[in-house]
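Shown next, in structure tokens, is the structure this report addresses.
When reading the values below, keep in mind they use all heavy atoms of this one structure, side chains included, and skip hydrogens, waters and symmetry mates.
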Amino acid sequence: QKIRAVYDSNPAKFKTLQNILEVEKEMHGSAWPKIGATLALMWLKRGLKFMLVLLQSISDGERDEEHPNLIRVNALKAYEIALKKYHGWMLQKLFTGSVYALPYKSDLLKALEKGKEVKEEESIEKIHQFLSRVTPILDAIYEMYTKMNAELSYKA
């Protein structure tokens with residue numbers, strides 16, 4: 001909502017995410033990047049990274065051999081890579097416990113197919129296509145944050 005609100009306030013001025021970060025950096029001075037759309041985008045990109053790593057892990061066939069329809073292994077990998085370093089001890093423990101409430105892989109794939117019954121191989125192929133399109137975009141956002149020195153490493 002914060003990102004959309006900034007964009008909607010002046011679409012000509014905020015054509016790109018980089019434009020938003022540049023204007024906010026100038027506008028907020030020393031408070032930047034800890035506020036506004038810059039901070040919202042930082043957490044959004046981390047959440048998207050989590051989802052992409054999760055989907056990549058599933059599509060790569062990584063699984064718990066004893067429970068192949070569970071996605072705990074995939075979620076824990078995604079968390080380790082994308083979010084864990086930004087969370088304090090309490091949130092880390094909360095996440096570790098929450099993986100037991102995740103849906104089955106078959107239910108997740110069905111949801112991604114909007115409820116249609118599709119062969120797992122077909123769903124995995126669609127995930128591969130999605131990842132090939134979205135990953136470069138997310139990588140560009142991460143690179144932009146690095147170049148602009150906008151990444152924050154504090155723990156939530």
Side-chain angles (χ1 to χ4, degrees), residues 1-63 71-103 105 107-115 123-156:
Q1 287 176 330
K2 287 182 183 181
I3 300 163
R4 172 59 76 178
V6 170
Y7 172 78
D8 288 343
S9 72
N10 190 339
K13 185 177 184 179
F14 299 118
K15 285 183 180 180
T16 67
L17 294 172
Q18 185 168 342
N19 294 142
I20 292 172
L21 269 63
E22 290 167 345
V23 170
E24 284 195 344
K25 183 175 185 176
E26 185 177 312
M27 194 168 73
H28 297 299
S30 64
W32 186 87
K34 300 172 192 147
I35 59 172
T38 302
L39 182 63
L41 179 60
M42 182 188 70
W43 283 105
L44 176 61
K45 75 179 180 59
R46 290 174 181 175
L48 290 171
K49 178 81 169 188
F50 172 84
M51 291 187 333
L52 293 184
V53 174
L54 172 71
L55 291 172
Q56 185 67 59
S57 178
I58 290 170
S59 69
D60 288 346
E62 296 174 358
R63 65 177 181 249
I71 60 171
R72 286 184 216 144
V73 168
N74 316 99
L76 288 170
K77 177 181 182 176
Y79 183 71
E80 185 73 33
I81 290 171
L83 297 173
K84 184 177 181 179
K85 66 183 171 184
Y86 306 113
H87 289 167
W89 179 84
M90 183 64 92
L91 278 176
Q92 290 176 14
K93 296 300 177 194
L94 183 63
F95 182 85
T96 302
S98 72
V99 297
Y100 291 94
L102 292 172
K105 179 172 75 172
D107 292 336
L108 175 63
L109 294 177
K110 187 175 181 177
L112 292 174
E113 294 290 348
K114 298 180 181 165
S123 292
I124 297 298
E125 179 54 35
K126 289 178 184 177
I127 290 171
H128 279 295
Q129 291 172 12
F130 172 77
L131 291 170
S132 70
R133 292 182 184 111
V134 174
T135 300
I137 296 167
L138 187 60
D139 289 346
I141 294 170
Y142 267 84
E143 184 178 327
M144 175 182 63
Y145 266 71
T146 299
K147 284 182 179 177
M148 293 185 70
N149 200 25
E151 189 63 49
L152 298 172
S153 61
Y154 70 89
K155 293 185 183 275

Sorted by chain and number, sequence neighbours left out, side-chain contact (heavy atoms from CB on, under 4.5 Å) with Lys49 holds for Val53, Ile81, Ala82, Leu138, Tyr142
Indicate yes or no for a side-chain donor-acceptor contact from Thr135 to the backbone of Ser132 under 3.5 Å, with no hydrogens or angles considered.
-> no
Are any of the side-chain nitrogens in Glu80 or Lys85 under 4.0 Å away from the carboxylate oxygens of its partner?
-> no
Check for a donor-acceptor pair, side chain of Glu24 on one end and backbone N or O of Ala37 on the other, with a separation under 3.5 Å.
-> yes
For Asn19 and Thr16, does a side-chain donor sit closer than 3.5 Å to a side-chain acceptor?
-> yes
What residues, two or more places apart in sequence or in another chain, satisfy side-chain contact (heavy atoms from CB on, under 4.5 Å) together with Arg133?
-> Gln129
For residues Trp32 and Met148, determine if any side-chain heavy atom of one lies less than 4.5 Å from a side-chain heavy atom of the other.
-> yes
Side chain proximity check, Thr146 to Glu151, heavy atoms < 4.5 angstrom | no
In terms of the angle between their ring planes, are His87 and Trp43 parallel, tilted or perpendicular, with boundaries placed at 30° and 60°?
-> parallel
Are any side-chain N or O atoms of Asn74 and backbone N or O atoms of Glu62, one a donor and one an acceptor, separated by less than 3.5 Å?
-> yes
Which heavy-atom pair separates Ser9 from Phe14 by the least distance, and what is that distance?
-> OG-CE1, 3.6 Å
Within-4.5 Å side-chain heavy-atom neighbours: Met144 and Leu17 = yes
So, is the end of the Lys84 side chain (NZ or CZ) under 6.0 Å from the ring centre of Phe95 and within 45° of the ring's axis?
-> no
Scanning both residues in full, the closest heavy-atom pair of Ala40 with Lys2 reads CB-CB, 4.0 Å
